[in-house]
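Just so it is clear, the values below take in all heavy atoms, side chains as well, and ignore hydrogens, waters and symmetry mates. Only a predicted model underlies this, so the values are computations on that prediction, with no experimental measurement involved.
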Amino acid sequence: MQIPSLSTIRKELQHKEPKELIELILHLSKLSRDNKAFLYFKLFDTETSTLFIDTLKEELEIAFFKANKNNYYLAKKSAQSIRKILNKNLKLTKDPTARIEIISFFCKKLQEFGYLEYRHPVIENLYALQVGKVEKLIEKLHEDLQYDYQKLLETLKKPYQ
């Protein structure tokens, strides 16, 4: 089966009744947890993303507490799995300030929980990549916000200075 283009789907959706659209959306939300989370976020958290940020920070913190850091290999695998959670949830928002908050929280937790002390290249590269993402997001912000987040960026870069 060949999957049609988005424009074809859009045209077909325009011909559907509101009840049919609601059923389709509910069916989509039942297919995966990601769809359900995305739908919930778009319906309830669009005005204020603070609830989304707080719940994601909570989820990341729980993952950090559950992570196994007995040796550098397990710490690397744990950091990678937590990063997967981060990236999966970052797809739900396009707000650069929310993304900066979430990514910087992840980086701070990597520092706090001692992941950078292993000096493992994979962990260090993972951290550097996230700091780079924060730097790029800050560049896209208004000058006033850039100034506010510049101090945050400097604290994130300190482990490499």
Please output the side-chain donor-acceptor pairs of residues 1-15 that fall under 3.5 Å, not counting sequence neighbours, one pair per line with the distance.
from: S5; atom 1: OG; to: S7; atom 2: OG; distance (Å): 3.1
from: S5; atom 1: OG; to: T8; atom 2: N; distance (Å): 3.4
from: S5; atom 1: OG; to: T8; atom 2: OG1; distance (Å): 3.0
from: H15; atom 1: NE2; to: K11; atom 2: O; distance (Å): 3.4

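- Counted by atom type alone, T93 and D95 present zero donor-acceptor pairs between their side chains at under 3.5 Å.
- Scanning all heavy atoms of the two residues, the minimum distance from N35 to S29 falls at CB-CA, 4.1 Å.
- If you chain together hydrophobic residues whose side chains sit under 4.5 Å apart, Y115 and V122 never meet in one group.
- Taking CD of Q146 as the start and CG of L153 as the end, the distance is 10.5 Å to the nearest 0.5 Å.
- Annotation: the span from I138 atom CD1 to T97 atom OG1 amounts to 11.0 Å, rounded to 0.5 Å.
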Note to self: Set out, in order, the CA-CA distance, both residues' side-chain angles and the distance that settles side chain to side chain contact (heavy atoms under 4.5 Å, CB included) for R83 and L126, then state yes or no.
What the structure shows: CA-CA 8 Å; R83 186 201 53 200; L126 185 144; 3.7 Å; yes

Checklist line | Intermediate values then yes/no, side chain to side chain contact (heavy atoms under 4.5 Å, CB included), L110 and I82 | finding: CA-CA 10 Å; L110 279 178; I82 296 170; over 6 Å; no

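- With sequence neighbours left out, the side-chain hydrogen bond (donor to acceptor under 3.5 Å, both in side chains) criterion links N70 to N68.
- Considering CG of L56 and NZ of K88, their distance stands at 9.5 Å, rounded to 0.5 Å.
- Hydrophobic cluster membership differs between L145 and Y147, with clusters built from Ile, Leu, Val, Met, Phe, Trp and Tyr side chains linked at under 4.5 angstrom.
- The aromatic rings of F65 and F113 stand perpendicular to each other, their planes meeting at an angle above 60°, with 30° marking the opposite boundary.
- Ion pairing of E112 with K109 is present here, as a side-chain N (NZ or NE/NH1/NH2) and a carboxylate O approach within less than 4.0 Å.
- Looking at heavy atoms from C-beta onward, K57 lies out of side-chain contact with E61 at the 4.5 angstrom threshold.
- Taking the side chain as every heavy atom from C-beta outward, F52 and I102 approach each other to under 4.5 Å.
- Between the side chain of Q130 and the main chain of C107, no donor-acceptor pair closer than 3.5 Å is present.
- Taken to the nearest 0.5 Å, the NZ atom of K157 stands 3.5 Å off from the CD atom of E135.
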Next item on the list: Output, in order, the C-alpha distance, side-chain angles, deciding distance and verdict of side chain to side chain contact (heavy atoms under 4.5 Å, CB included) for L152 and I100.
Entry: CA-CA 10 Å; L152 172 69; I100 290 170; 4.0 Å; yes

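- Taking the side chain as every heavy atom from C-beta outward, L156 and K108 approach each other to under 4.5 Å.
- Under a 3.5 Å cut-off, the side chain of E20 and the backbone N or O of E17 do form a donor-acceptor pair.
- Side-chain N or O atoms of Q111 include none that pairs as donor or acceptor with a backbone N or O of L116 at under 3.5 Å.
- Separation of atoms CG (L28) and CD1 (I25) is listed at 8.0 Å; rounding is to 0.5 Å.
- For F105, the CZ atom is densely surrounded, since the number of other residues' heavy atoms within 6.0 Å is greater than 12.
- A donor-acceptor pair shorter than 3.5 Å cannot be found between the side chains of E124 and Y118.
- Here NZ of K16 is found 8.0 Å from CG of L21. Values are rounded to the nearest 0.5 Å.
- Although no hydrogens or angles enter the test, the distance criterion places a donor-acceptor pair under 3.5 Å between the side chain of N89 and the main chain of I85.
- Enclosure of atom CD in E59 by more than 12 non-hydrogen atoms of other residues, nucleotides or ligands within 6.0 angstrom is indicated.
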Next item on the list: Apply the test side chain to side chain donor-acceptor pair (under 3.5 Å) to residues Y149 and E101: give CA-CA distance (whole Å), side-chain angles for both, the deciding distance (0.1 Å), then the verdict.
Entry: CA-CA 9 Å; Y149 284 113; E101 292 287 330; 3.1 Å; yes

